[in-house]
Amino acid sequence: MASYIARKGPLVFSNLGKWAYNLSGFNQYGLHRDDCLYENEDVKEAVRRLPRKLYDERNYRIMRALHLSMTKTILPKEQWTKYEEDVKYLEPYLNEVVKEREEREDWNKNH
Amino acid sequence: MACNASKTPLLRAIAKRGYAANVCPRPVGDTSAINVNVLENKLVVATADATVPVSRVSIVLRAGSRNESYDTQGASHLLRLAGTLSTQNSTAFAIARHIQQVGGTLTTWGDRELVGYTVETTSDNVETGLRYLQDLVRPAFKPWELTDNAKTLLNQLNAVTTEQRAIELAHKAAFRTGLGNSIYIPRFQLGRLSTESLLHYVASTFNAGNAAVVGVGIDNNTLSGFAQTLDFPGKGGSGKSGAPNYYGGDARKDTAGNRATVAVVGQGGAALNHKEALTFAILQQAVGAGASTAHGKPGGIFGEAVSCAGDAPVSLKAINASYADAGLFGFVASAGASDIGKAVDFLVRALKSGSVSEKDVSRGKALLKARIIGKYASDGGLIKEIGRQAALSRTVLDADTIVAAIDGITQQQVQEAAKKVAGSKLSVGAIGNLANVPYASDLA
């Protein structure tokens, strides 16, 4: 499935972006950006569509983050997610889900 | 996508002009003339006139179950399911809603050799139908849609009749691989066929040399224009599989209950050998293809054989399966477990006798002619018939030619066909309570 290859790193690299990314702090738990999305209907559906391996990795990262949060610690610095290595693994699936939803909404508006 | 932009307005202009000229060009019940042309990329386009202003268009591909390997068994069943799934260019939602909105239907069908997608719309909305029909040659098989439809597939398997399953088993015994593959997905393959292997199957079978585009109620130029823009995923020519070997033997499946269904077949006629195929079709009607009245008994020697076997109720049908390069001929019978042995015994004796009377042959001819003209006379039957012929033999015969060919077949030739079956090794497919069902070696 060639069209579902995830983007790695930011769309446009900038120092400001990197500063903001590191400031947000979720990377210190080893999370990726797509692990932190609010789980609305679209995201839920996209997560459902993830291949098994990506789905398990996501769950592992989230469970590890919850554990770290509970013990009030963070990962050692070499394990933090880097701004350049943040994988947007959910993006292709989420885009497709949103497009399908918009198609449905358009249809309901026009027919 | 660029091709879509240029195509649609052109289609519209030609189509409108075509429909203005003749809205209802042929009287109901009359058989239609058929136009066939072969495009540069070897795609066959065939069209016929309709009796009502409804357009039916089919894409028929030689992608049936005989092309499956051991590991991809069931791929052709999923191709039939693919009519309700998303494609590379449009979502399942879009396909279903747009076709529904114009009052159309989209159906998929398939057998051991072919998979067909047929769209049926009123003639003024044919563009909408074609727009979504063209997408179906590029199915996407998204993994989540396959898992979402697992239940549908299971329901389809559960709805398969025991007669059909006995026939599947007989094919398995007769051909083992290739034509022996079931047209239904085996249960152990449910959920095992990955998107990648399905797309590979599509890429190896969906190509122009393997396909035909046929229409009823659409003019040939319009449909040729549409066919030219079809974007097949496979680029090869027609991938001819070698002629299948006939083996014969047993394929039995014991299940609970006290009924048994048995299919016994020998070698029949190949469809590409046109005369032989027709001879076997006459023979099928002559020996008893099915009762002409509801709950009645078929005539011919099969019907008599069942009567001789006793009073026990036996449901019986002669089978004649003609594939491109091989065929099967025999019967499928179903009865209580204690009666089936005797019935099969008598029926096999009738099959082995290899005799057909003059009276049976002329009745067979009349029945076959009625059946063929009946198919050609209705639009729904016609689209399927010309789709099959165009995809398999790359040409389409009109009803008059076939009827003339039937008249030309002598009793002697039918007799020879019956002798051919009688002389071949038998294959037995049986399902149910098989306590009294004979093995193939006992029937020799």
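Protein chains get the first letters and strands the later ones, always in sequence-line order, with residue 1 at the start of each.
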Check step by step if side-chain contact (heavy atoms from CB on, under 4.5 Å) holds for Phe93(B) and Arg101(A). CA-CA 10 Å; Phe93(B) 176 85; Arg101(A) 176 171 53 77; over 6 Å; no
Nearest heavy-atom contact between Gln101(B) and Trp107(A) is OE1-CZ2, 3.5 Å
Could you tell me the separation between the OG atom of Ser86(B) and the CD atom of Glu96(A), rounded to the nearest 0.5 Å? 7.5 Å
Can you tell me how far the OH atom of Tyr4(A) sits from the NZ atom of Lys142(B), to the nearest 0.5 Å? 3.5 Å
With a sphere of 6.0 Å drawn around [atom1] of [X], does it hold more than 12 non-hydrogen atoms of other residues, nucleotides or ligands?
X        : atom1 : answer
Glu40(B) : CD    : no
Phe13(A) : CZ    : yes
Arg52(A) : CZ    : no

Under 4.5 Å from a heavy atom of chain B, the part of Glu100(A) involved: side chain
Does the side chain of Arg104(A) come within less than 4.5 Å of Arg97(B)'s, by heavy atoms? no
In plain terms, say whether Asp148(B) and Arg48(A) are close enough for a salt bridge, that is, a side-chain N and a carboxylate O under 4.0 Å apart. yes
